Amino acid sequence: MSTVVAVDVGGSGLRLVVRRDGVDGERRQAAGARVGAGGLDVAALAADARVLLDAEGVDAPEAVCWSTRGLLFLADPAEVLRAVAAALRARRTAVVSDAVASLVGALGEVVPGAVVAAGTGAVAFGSDFSAHWTRVDGWGHVLGDRGSAAWVGMEGLRAALRSRDGVGGGSSGLLAAAEDLLGPCQGWPRRVMTAADAPEALASVAPLVTAAAGAGDVVAAGVCVAAGHALGESLLAAAAGLARPRLVATGGLLSAPAVRREVEAVVAAAGARVETAAGGALDGALVLAARLDADGGLPRHPQYVHLAGA
């Protein structure tokens, strides 16, 4: 019996699924990525995944694909590969950036394409899984993540504060809604500048902005259009140089009509179209794990794909 395992490590949780002879088991979850002064706590994550595998009655699967956030900036890929291989004891192990898994999951297969993901943060990634591997944005809420939920929340709070200060471009509706959510505006700087969960706090404001835009708030609508435009630009930049790529946009922020429409408009102006995502990063990791088992390998890349095993 062939058993392959997919793992996706994100900020909100570690998710794992086992496929036995083509049949997927229950999707299980543990705590998400823990980040300290030394970066990701890889040992703790691998130990959590081992517990989930034990609960599935799996000792040594044929193949594991481990997708993780922070592979480029928060971890040593060689350390992640060693820890995962030792803990999960697979015959073959792949560690990939979550950007790669998100692209494969969005497309449903390993083919040339690009995806832009707009969650708390925002990143676009395009590849032909050969010579072209391009990441755009993903620089975090201070330096980038244009069009993300954190970015929309930040712009919403700025518009709210302009209203409070009595200058142009403000939104009294956003001021009232954000104070209901976060408390008096005098406390906002500390909340979104110094707290460990500042990106999440900013992202929590995004639904207020998208709701206000839907209700006719012109300032909020402008923020949503700007977010969609930024996401569309990132998607096209990630796909630049690919021949006839498939393009996908995904993430919770895309459920806002004003954001989605603008992404589609930017891409349409370039003569392309945006597809609906087939799945997410865990689905992509499962596609890659199955391919690793069947083919004995995956396209390698020194930053995005790392392999170990027979």
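Here the structure is a predicted model, which means the values were calculated and not measured.
Residue Val192 comes nearest to Ala198 through the heavy atom pair O-CB, 3.4 Å, listed as atom of the first residue, atom of the second, then distance. In plain terms, the two heavy atoms of Leu202 and His141 that are nearest each other are CD1-CD2, 3.7 Å. Between Arg20 and Val58, the closest heavy-atom pair is NH2-CG2, 3.1 Å. Residues Ser67 and Asp8 approach most closely at OG-OD1, 2.9 Å, considering heavy atoms. When all heavy atoms of Glu155 and Val223 are compared, the closest pair comes out as CB-CG1, 3.7 Å. Looking at every heavy atom in both residues, Ala281 comes nearest to Ser102 through CB-OG, 3.6 Å.
Between Leu288 and Val100 the shortest side-chain heavy-atom distance falls below 4.5 Å. Side chains of Leu253 and Ser148 form no contact here, defined as non-hydrogen atoms less than 4.5 Å apart. Side-chain atoms of Arg89 and Asp59, non-hydrogen and from C-beta on, do get closer than 4.5 Å to each other. For the pair Cys65/Leu292, no side-chain contact is recorded, criterion being any heavy-atom separation below 4.5 Å from C-beta on. Taking 4.5 Å as the limit, every side-chain heavy atom of Pro299 sits out of range of all side-chain heavy atoms of Val305. Considering only heavy atoms from C-beta on, Trp66 comes within 4.5 Å of Leu14 through its side chain. Looking at heavy atoms from C-beta onward, Cys224 lies in side-chain contact with Thr210 at the 4.5 angstrom threshold. Residues Arg28 and Val18 have side chains not in contact (no heavy-atom distance under 4.5 Å, counting atoms from C-beta outward).
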### Task
Apply side-chain contact (heavy atoms from CB on, under 4.5 Å) to Leu45 and Asp41, showing your working.
CA-CA 7 Å; Leu45 291 165; Asp41 189 343; 5.6 Å; no
### Task
Mind running side-chain contact (heavy atoms from CB on, under 4.5 Å) on Glu233 and Arg146 for me, showing each step along the way?
CA-CA 10 Å; Glu233 286 183 330; Arg146 298 183 313 127; 3.4 Å; yes
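The same ILVMFWY cluster, assembled from side-chain heavy atoms under 4.5 Å apart, contains both Val111 and Leu298. Following chains of ILVMFWY side-chain contacts shorter than 4.5 Å, one can reach Leu16 starting from Val42, so the two form part of one hydrophobic cluster. Leu282 and Val9 fall into different hydrophobic clusters, where Ile, Leu, Val, Met, Phe, Trp and Tyr are joined by side-chain heavy atoms under 4.5 Å apart, directly or via other members. In terms of hydrophobic clustering, with Ile, Leu, Val, Met, Phe, Trp and Tyr side chains grouped at heavy-atom distances under 4.5 Å, Trp151 and Val136 are assigned to different clusters. When the side chains of ILVMFWY residues are joined at heavy-atom separations under 4.5 Å, either directly or via intervening members, Val4 and Val96 end up in two distinct hydrophobic clusters.
Just one of Leu53, Val17, Leu286 meets the side chain to side chain contact (heavy atoms under 4.5 Å, CB included) condition when paired with Val5; it is Leu53.
Interatomic distance, CG of Leu161 versus CG of Leu174, reported as 10.5 Å (0.5 Å rounding). For the atom pair Arg244 CZ and Leu242 CG, the distance stands at 11.0 Å (nearest 0.5 Å). Between atom CG of residue Leu88 and atom CZ of residue Arg50 there is a gap of 6.0 Å, rounded to the nearest 0.5 Å. A distance of 13.0 Å separates CZ of Arg91 from OG1 of Thr3, quoted to the nearest 0.5 Å. Within the model, atoms CG of Leu247 and CD of Glu264 stand 11.5 Å from one another, a figure rounded to the nearest 0.5 Å. In this structure, OG on Ser97 lies 6.5 Å from CZ on Phe125, to the nearest 0.5 angstrom.
Of the possible polar contacts, none joining the Arg246 side chain to the Glu275 backbone as a donor-acceptor pair under 3.5 Å is found. Between the Asp293 side chain and the Ala290 main chain, no donor and acceptor come within less than 3.5 Å of each other. Looking at Asp217, its side chain does come within 3.5 Å of a backbone N or O of Val219 through a donor-acceptor pair. In this structure a side-chain-to-backbone donor-acceptor pair under 3.5 Å is present from Asp145 to Gly140. Within the 3.5 Å criterion, the main-chain N or O of Ala78 finds a donor-acceptor partner in the side chain of Asp76. No side-chain donor-acceptor contact under 3.5 Å links His132 to the backbone of Phe129.
Between the side chains of Asp137 and Ser234, not a single donor N or O lies within less than 3.5 Å of an accepting N or O.
Taking the six-membered ring where the residue is Trp, Trp133 and His301 present tilted rings, their angle falling between 30° and 60°.
Look at Arg164 and Glu179 and you find no salt bridge, because none of the NZ, NE, NH1 or NH2 atoms lies under 4.0 Å from a carboxylate O. A salt bridge does not link Glu79 to Arg82: none of the charged nitrogens lies less than 4.0 Å from a carboxylate oxygen.
Heavy atoms from other residues, nucleotides or ligands lying under 6.0 Å from CZ of Arg27 number more than 12.
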